[in-house]
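Here is the naming used below: chain letters follow the sequence lines, and residue numbers restart at 1 for every chain.
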Amino acid sequence: MELFFETLTGLREKLATKKVSPTEVLDALKKRVEAVEPSIRAFNHIDWETARAEAAALTPEDLAKPLGGVPVAIKDVMAVKGQPLTCSSRILKGFVSPYDACVIEKLRAAGAIPLGRANMDEFAMGSSTENSADGPTHNPWDTGRIPGGSSGGSAACVSADEAIVALGSDTGGSIRQPAALCGCVGLKPTYGRVSRYGLVAFASSLDQIGPLSKTVEDSARILQVIAGHDARDNTSAAEPVPDYLSGLNQGVKGLKLGVPKEYFIHGIDPEVEKIIRDAIQHLSDLGAEIVDISLPHTNYALASYYIVAPAEASANLARFDGVRYGARVKDGKDVIDTYCRTREKGFGSEVKRRIILGTYVLSSGYYDAYYLRAQKVRTLIRRDFSEAFGKCDAILTPTTPTPAFKIGEKTEDPMQMYLADVFTIAVNMAGICGLSLPCGFAAQGKHGRLPVGLQIIGKAFDEATLLRVGQAYEQSTEWRKERPACA
Amino acid sequence: MDVSYVAHLARLALSQDEITRFQSQLSGVLEHVGQMQKLDVEGIEPTAHASPVYNVFREDVELPSLPVEDALKNAPQQANNLIIMPKIVE
């Protein structure tokens, strides 16, 4: 088997026993990237030379560490010292990170090598990776379709075996949705579980970093390394980090898994619904108790999110004004004109729409009707989940209402695009955790096979249960062995 | 929503084409989020943050930080360890 097909867990075994060297791993990945990248376009930039130098400098002690010698693809929204950071935006063209994000420090301390800047929707705003100044990423299962977003590059590079594992960020589904559409595993940890230091802020009360991987165990290994308190992120939680690997194989016997009726109504693709129902039955056959639950405010999650997230984004993106970093128009008449036209030239359409929407809902006269009301709805969404978790240990839903759609299909209709995240958004609004993993294929697309993802939602700081349920499902099915057409 | 007025509040210049396009697209979005108005939120406390947020204090001591040269490396225009900007006050 070619090295690039390896899982993180499998590769670590080979690296720890010196069957392969970190530079051999990089050579294999380079070969793979050169072969498939022209049709996938998952990366904005890859600095092979620096990665090779870092790999060559790893000591035997480094190689004994949990991620020793493992290259990790990084979404182009997290700072890696000395590497470009563009957020797939023209406004950050040429920007070079002056420091490492907290997650990068932690990856390095565990022996990993950050490799490549994965494509994304500009500033993580989007569900298809089409809102990228560098052009769209293509879905490895059907290159005429989108990979999902905003972490579409991270999902596509893992799915196409251009990366062993990747980091993404998730504000309304941006890890889970592309993971589902590309057929890989994606984990959004609980808000506060992973430090946001060095992550470019989109919506600060919702953003969270997490892994995209080929298996559930691989995601557990990455979370183990990146989780934990960091004094530089005031919202990072001082909760202890449990051992995510020790309980992985406990199975689902004795667990109560809730199925919310509100996630099986209008707009869901019949094939997706059937596949999810089968996955739920499979977990029941494995010994889990399936219970019906209700999350009555589900319908309002999307509406409240599209107030809260743009509001926070409009404030966060005020810093991109061409003063301290990034591109600046040279012929501004005065300072205001310089700001206005730098932002006009630097931002793409979706970012502009969200800045305008966010500014509007925060403006005088509209604040109570929109922003304050959305925050109250957020309280109701949180309550729904805390009541549901009185009846079950985790919740099962589809990750997305449909499989991957065609490139260009929704670009002119933002509302239709937003609906792609209808099942993932409530998790961010409640600040809890969610995992998506492959659970079958819809007979659609160019090759008649498009991946479908099962979402498992957990209580705050209970990632261990998500991983345990995911592992039980994954290891008793064969989906993880499927490879896309480009392989 | 008056798109060009709000865009100016956000210090964002737009082309005429963008104004027309965003006007109709954002109307669609506002119509959807308007669903929230149907909900009774009387007496519900707003949630600004998913986790409890509180002030985080530390000792008021100097800690190592980014050197000036590194902090300025990405500035579009600079001289003498300062960022150069168009004149603000005549």
Side-chain angles (χ1 to χ4, degrees), chain A residues 94-96 98-99 191-192 205-206 231 234-235 237 299-300 302-304 306-307 314 318 321-328 332 334-336 338-341 343-344 347 349 352-353 355-357 359-360 363 369-370 372-380 382 413-415 418 429-431 460, chain B residues 1-15 18 21-23 25-26 28-39 41-56 58 66-67 69-78 83-90:
Chain A
F95 184 92
V96 175
Y99 61 86
Y191 186 80
S205 80
L206 303 162
N234 285 352
T235 62
N299 251 340
Y300 300 99
L302 192 77
S304 56
Y306 276 98
I307 301 292
S314 70
D321 55 7
V323 176
R324 287 152 297 162
Y325 36 70
R328 181 198 290 177
D334 52 32
V335 71
I336 300 289
T338 304
Y339 295 151
C340 290
R341 289 205 295 114
R343 289 158 67 78
E344 176 189 20
F347 292 136
S349 289
K352 287 175 183 170
R353 276 192 291 265
I355 289 174
I356 294 167
L357 187 58
T359 304
Y360 177 70
S363 66
Y370 288 111
L372 191 63
R373 181 168 278 263
Q375 289 190 319
K376 290 178 178 177
V377 175
R378 193 170 181 183
T379 306
L380 296 173
R382 280 168 61 81
D413 190 347
M415 205 53 239
Y418 298 170
M429 292 300 272
Chain B
M1 184 200 309
D2 179 347
V3 165
S4 49
Y5 171 71
V6 179
H8 187 72
L9 290 180
R11 299 292 179 256
L12 186 60
L14 296 177
S15 68
E18 282 176 319
R21 229 160 16 101
F22 294 171
Q23 192 82 51
Q25 289 168 334
L26 291 172
V29 175
L30 283 176
E31 197 179 308
H32 183 94
V33 303
Q35 285 181 7
M36 278 191 333
Q37 310 298 337
K38 285 189 288 193
L39 262 184
V41 293
E42 188 68 35
I44 307 289
E45 284 293 309
T47 297
H49 232 269
S51 57
V53 183
Y54 43 85
N55 285 328
V56 179
R58 64 165 178 85
L66 216 53
E69 299 73 39
D70 290 359
L72 288 182
K73 221 169 238 167
N74 288 293
Q77 224 188 330
Q78 57 161 304
I83 291 166
I84 299 175
M85 270 301 287
K87 204 183 265 183
I88 294 176
V89 180
E90 288 300 328

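Between B:L30 and A:L357, the closest side-chain pair of non-hydrogen atoms falls below 4.5 Å. At a threshold of 4.5 Å between non-hydrogen side-chain atoms, the residues B:T47 and A:R382 count as touching. Counting heavy atoms from C-beta outward, A:I356 and B:M1 have side chains that approach closer than 4.5 Å. A:S349 has its side chain out of reach of B:Q25: every pair of non-hydrogen atoms, C-beta onward, lies at least 4.5 Å apart. Side chains of B:R11 and A:I336 form a contact here, defined as non-hydrogen atoms less than 4.5 Å apart. Side chains of B:L12 and A:T359 form no contact here, defined as non-hydrogen atoms less than 4.5 Å apart.
Both the backbone and the side chain of B:L39 come within contact range of chain A, with heavy atoms under 4.5 Å apart. Neither the backbone nor the side chain of B:E31 comes within contact range of chain A; no heavy atoms are under 4.5 Å apart. Residue A:S314 does not touch chain B at all, counting heavy-atom pairs closer than 4.5 Å. Interface remark: B:I84 contributes backbone atoms only to the contact with chain A (heavy atom separation under 4.5 Å). Residue contact with chain B, scored on non-hydrogen atoms closer than 4.5 Å, is absent for A:D321. At a 4.5 Å heavy-atom cutoff, the contact between A:Y370 and chain B is made by backbone and side-chain atoms alike.
No other option in B:G28, B:A48, B:P67 has as many heavy-atom pairs under 4.5 Å with chain A as B:A48. Taking chain A as the reference chain and counting heavy-atom pairs below 4.5 Å, the highest number among B:R21, B:R58, B:K87 is found for B:R21. Options B:P86, B:G34, B:P46 differ in how many heavy-atom pairs under 4.5 Å they form with chain A, and the most are formed by B:P46. Note: A:V323 leads A:V377, A:T338, A:V323 in heavy-atom pairs under 4.5 Å with chain B. Of the listed residues (B:A71, B:A10, B:P76), the one with the most heavy-atom contacts under 4.5 Å to chain A is B:P76. Chosen from A:G94, A:S205, A:A327, the residue pairing most often with chain B at heavy-atom distances under 4.5 Å is A:S205. Among B:V3, B:N55, B:L9, B:V6, the residue making the largest number of heavy-atom pairs under 4.5 Å with chain A is B:V6. Of all the listed residues (A:A231, A:A318, A:A374, A:G431), the one sharing the greatest number of non-hydrogen pairs under 4.5 Å with chain B is A:A374.
Scanning both residues, B:L26 and A:R353, for their nearest heavy atoms gives CD2-O, 3.9 Å. Residues A:E344 and B:L14 share a closest heavy-atom pair of OE2-C, 3.8 Å. Between A:R341 and B:A13, the shortest heavy-atom contact is CG-CB, 4.1 Å. The two residues B:I83 and A:R324 make their nearest non-hydrogen contact at CD1-CG, 3.5 Å. Counting all heavy atoms, side chain and backbone alike, B:Q35 lies closest to A:Y300 at O-CE2, 3.4 Å.
A search for salt bridge (Lys or Arg N to Asp or Glu O under 4.0 Å) contacts involving B:E18 returns A:K352, not counting sequence neighbours. Residues passing the salt bridge (Lys or Arg N to Asp or Glu O under 4.0 Å) test with B:D70 are B:K73, sequence neighbours excluded.
Checked by atom type and distance alone, the side chain of B:N74 pairs as donor or acceptor with a backbone atom of A:V96 at under 3.5 Å.
Interatomic distance, A:R373 CZ to B:I44 CD1, rounded to the nearest 0.5 Å: 10.5 Å. Separation of atoms CG (A:L206) and NE2 (B:H49) is listed at 8.5 Å; rounding is to 0.5 Å.
Counting heavy atoms of neighbouring residues, nucleotides and ligands inside a 6.0 Å radius, atom NE2 of B:H8 does not exceed 12 of them.
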